[in-house]
Each structure stands twice: as C-alpha cells, then as structure tokens.
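Please read the structure below before turning to the comments.
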Amino acid sequence: MDILFYGFVIFLFAAVILGIEGFYLWWVSTHGSAAQRVARRLQLMSGSAGRSAERISILKQRRFSRHDFIDRVLQHVPAVHRIDQLLVQSGSKWSVGVFMVWSGAALLLGAFLAASWRLPLAIQIAAALVFSLIPMGLVRRERTRRMVRIEEQLPDAADFIARALRAGHSFTNVLQIVGNELAEPLSSEFRIVREEINYGVPMSEALHNMAARIPLTDLRYLIIAVLIQRETGGNLAEILGNISTIIRARLKLLAQVRVLSAEGRMSAWILGLLPFAVGGMIVLLNPEYIRVLWTDPVGVKLLYYAMAMIVIGVIWLRKTIRIRI
C-alpha cells in the first residue's frame with residue numbers, strides 16, 4: 001500500500017511538472033517575443049493588413065471621446081490635454097473619456113469603502129481621492145516602463161540606422177526598415193513616423209511629433225542630429241554611431257547608480273509602507289483597539305499630523321534617492 005501511495009505521489013508530481021513545462025513551452029511558442037517577431041515578419045512578407053499596424057489619423061486633433069458633445073466639452077479643458085498626452089506616451093489604448101470613467105469608478109469605490117468603516121469625513125474624502133488616482137498611477141507606471149524599454153532600444157536603433165545609411169538606403173527607407181525589424185515599442189513609433197511622412201507630413205514635423213510622444217533626451221539628440229544633417233550635410237552614420245556610444249555609456253552609469261542606491265530605495269519603500277501595513281494588521285486583529293484613533297478628537301489630530309509627516313517623509317526620501325543622470 002505504501003509503495004502504491006509513494007508511486008502515485010511521484011507520478012503526480014512528474015505530471016504536474018510536465019504540465020507546467022508544456023504550458024510554458026506552448027505560451028513561449030505562441031505568445032513569446034520570438035514568436036511575435038516571426039509572426040510580424042510573415043505578415044510583412046505576405047502583405048497582410050493585420051500586421052499590428054498603428055492607426056494614423058489624418059486629423060490634427062485627437063478625439064477625447066466617442067460622443068461628439070463630450071468630446072467638444074473636453075477639448076476646452078486644458079488639463080484634459082495633458083492627460084491625453086500622458087495616455088499617448090504610455091502607449092495606452094484608452095481615450096480620455098474611458099480614463100475619466102475608470103477614475104470616477106475608482107472614486108466611488110474608495111468613497112464606499114471609506115464610508116463602510118465610518119471614518120471621519122476628511123479621511124473619507126482623502127481615501128476617495130486616493131482611490132481616484134489609481135488609474136493615473138497605473139498609466140504613469142506604464143509610461144515609465146515604456147520609456148525605459150524605448151531608452152534601452154535607442155542605442156541599437158541608432159546603430160541600425162547608421163548601418164542602413166552606410167549600405168546606401170535613404171532615410172525614409174531606413175525608417176521603414178527600422179519599423180519592421182526592431183522590437184516593440186520603438187518599432188511602432190518609427191512606423192508612425194513613416195506613415196505620417198506618407199500622408200504628406202514634413203519629415204521635421206513627423207520627427208518632432210515622435211519626440212513629443214517619447215520625451216527622452218537621448219531621442220531628442222538623435223532627432224536633432226538628423227535634422228541638422230539634412231540642413232547642413234555631413235556624415236550622419238558616424239554621428240549616429242557616436243550618439244549610440246554616448247547613450248550606452250549613460251545607461252551603464254545609470255545602472256551602476258541604481259545598484260548603489262538600491263539600499264536607499266528599499267529603505268524608502270519599507271519606511272513608506274510600514275505605517276499602513278501595521279495599521280492594517282491592527283485593524284484586522286483588534287479593530288476596537290485602533291478605533292479610538294479616529295473616534296477620539298485627540299486621535300484624529302494625531303492622525304492628521306501623522307499623515308502630514310508621512311507625506312513630507314515620502315517626498316524627502318524620493319528627492320534623496322532619485323538621482324538624475
């Protein structure tokens with residue numbers, strides 16, 4: 001009996017491991033970066049229209065909502081344009097209207113959760129506002145991740161453009177080649193530039209639009225070099241090669257700085273989250289003990305002071321550990 005039981009456990013363990021490995025291999029072969037790159041190449045060779053191409057609008061002004069009235073109202077709000085720019089830079093498919101709907105839903109959720117705990121009115125309002133900022137935080141996080149990926153791709157893109165120019169290709173053809181050969185998300189931006197030029201947009205304006213979508217200093221250097229070379233002449237391939245060397249050196253220095261500041265960043269996260277973690281644990285284990293903090297007037301004052309000091313401390317730690325290169 002024991003032998004059968006142990007044999008069953010061993011075969012079950014092997015079956016689970018093989019199942020996980022099979023799922024991983026299936027996922028990599030169908031959804032991995034290499035599979036997506038091969039699929040994109042096949043679609044380009046077959047001339048298929050479903051090649052994850054970007055939709056280039058011939059309109060100069062982006063729509064903020066599908067409804068005409070809401071779009072006209074949002075067009076007159078200056079803050080909405082900044083939100084739309086953030087959505088474009090993050091590569092999100094959301095429109096401003098969808099973003100505002102999700103923010104409103106998060107606001108209502110935060111207000112409901114705060115009201116269910118019978119907290120003071122000021123804390124309820126603060127909690128609702130914090131929840132309403134969750135979509136903004138997600139979009140900004142996606143924007144940061146996208147900018148980091150693009151920044152890592154820029155040296156390879158500059159070298160790729162330089163090699164293509166040395167091979168005798170024109171710059172417009174180089175844009176198409178880079179858009180087809182490089183990985184996302186930088187390749188989609190080069191395809192957008194190529195499509196804008198095909199629509200009749202001047203190359204300088206198309207490149208400036210790309211710089212607005214990707215607010216990176218290294219990319220601006222690359223675009224300025226291209227525009228100056230078109231006006232004055234010169235060896236663009238050599239210039240781009242030097243720019244790629246500078247970008248790689250800066251990214252190497254940035255990686256060293258991140259390693260040296262890792263301890264400070266971890267301490268900042270721990271110190272910033274520790275009060276909320278401890279408060280949450282006390283609420284779950286002994287809610288009557290901590291309820292005095294927001295039912296007694298002295299406790300409410302202490303809570304306000306604590307929140308103000310936490311905000312000041314988080315800002316101070318952020319300024320300390322954030323080193324710009």
Side-chain angles (χ1 to χ4, degrees), residues 31 33 36 39-40 43 48-113 125 127-151 153 175 178-180 182-202 204-216 219-220 223:
H31 298 83
S33 59
Q36 293 178 357
R40 187 171 66 249
Q43 289 172 351
S48 174
R51 59 176 182 86
S52 67
E54 291 65 37
R55 294 183 177 180
I56 311 299
S57 175
I58 62 175
L59 301 177
K60 296 292 289 183
Q61 195 174 36
R62 282 170 50 88
R63 290 183 60 88
F64 293 160
S65 177
R66 283 189 258 175
H67 303 283
D68 295 334
F69 175 75
I70 299 177
D71 179 70
R72 287 195 300 269
V73 172
L74 293 178
Q75 292 289 347
H76 294 85
V77 181
V80 172
H81 292 271
R82 292 194 291 270
I83 295 175
D84 180 68
Q85 185 180 18
L86 181 63
L87 292 173
V88 171
Q89 293 174 0
S90 65
S92 176
K93 297 180 180 179
W94 285 0
S95 64
V96 175
V98 175
F99 173 82
M100 296 183 69
V101 168
W102 280 107
S103 299
L107 176 67
L108 295 177
L109 177 62
F112 173 76
L113 293 177
I125 295 175
L129 292 177
V130 169
F131 269 79
S132 67
L133 294 176
I134 291 177
M136 176 65 72
L138 295 176
V139 172
R140 291 183 68 89
R141 179 173 178 270
E142 186 60 30
R143 174 187 178 274
T144 302
R145 294 177 60 184
R146 187 168 184 265
M147 292 300 112
V148 169
R149 291 196 298 267
I150 291 177
E151 194 172 28
Q153 290 179 300
L175 292 176
V178 172
N180 295 337
L182 290 183
E184 296 291 343
L186 186 57
S187 61
S188 61
E189 296 294 335
F190 279 102
R191 287 199 296 270
I192 290 175
V193 174
R194 171 67 177 176
E195 295 295 335
E196 286 183 346
I197 294 174
N198 288 340
Y199 277 136
V201 178
S204 60
E205 184 177 348
L207 292 176
H208 282 303
N209 293 338
M210 182 180 181
R213 294 190 303 270
I214 309 175
L216 294 176
L219 181 64
R220 291 195 179 101
I223 291 175

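In what follows, every heavy atom counts, from backbone to side chain, and hydrogens, waters and symmetry copies are set aside.
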Mind listing the closest non-hydrogen atom pair of Phe131 and Ala106 along with its distance? O-CB, 3.0 Å
So, taking the atom named OG in Ser103 and the one named CG in Leu108, what distance separates them when rounded to the nearest 0.5 Å? 11.0 Å
With rounding to the nearest 0.5 angstrom, report the CG to CD distance, Leu182 to Gln153. 6.5 Å
Using 30° and 60° as the class limits, which term best fits the ring planes of Phe99 and Trp94: parallel, tilted or perpendicular? tilted
Starting from the C-alpha separation in whole Å, work towards a yes-or-no answer on side chain to side chain contact (heavy atoms under 4.5 Å, CB included) for Val80 and Gln75. CA-CA 7 Å; Val80 172; Gln75 292 289 347; over 6 Å; no
Sidechain N-carboxylate O distance under 4.0 Å for Glu184, Arg146: no
Heavy-atom distance under 4.5 Å between the side chains of Met147 and Pro215, does that happen here? yes
Would Leu86 and Met136 satisfy side chain to side chain contact (heavy atoms under 4.5 Å, CB included), going step by step from the backbone distance to the final call? CA-CA 9 Å; Leu86 181 63; Met136 176 65 72; 3.2 Å; yes
If you apply the rule side chain to side chain contact (heavy atoms under 4.5 Å, CB included), what do you find for Ile83 with Met100, and how did you get there? CA-CA 10 Å; Ile83 295 175; Met100 296 183 69; 5.5 Å; no
From Ser187 atom OG to Leu175 atom CG, the distance as rounded to the nearest 0.5 Å: 12.5 Å
Per side-chain hydrogen bond (donor to acceptor under 3.5 Å, both in side chains), Arg213 is matched among Glu189, His208, Gln89 by Glu189
Quick one: CE on Met210 to CZ on Arg220, what's the gap to the nearest 0.5 Å? 12.0 Å
Find out whether Arg191 and Asn180 are in side-chain contact, i.e. whether some heavy atom of one side chain is under 4.5 Å from a heavy atom of the other. yes
Out of curiosity, Ile197 CD1 to Glu205 CD, how far, rounded to the nearest 0.5 Å? 10.5 Å
Going by heavy atoms in the side chains, are Leu138 and Trp102 under 4.5 Å from each other? no
CZ of Arg141 to CD1 of Ile134: how many Å apart, nearest 0.5 Å? 13.0 Å
I need the minimum non-hydrogen distance between Leu207 and Ile223, along with the two atoms involved. O-CD1, 3.3 Å
Between Leu133 and Leu129, is there a side-chain heavy-atom distance shorter than 4.5 Å? no
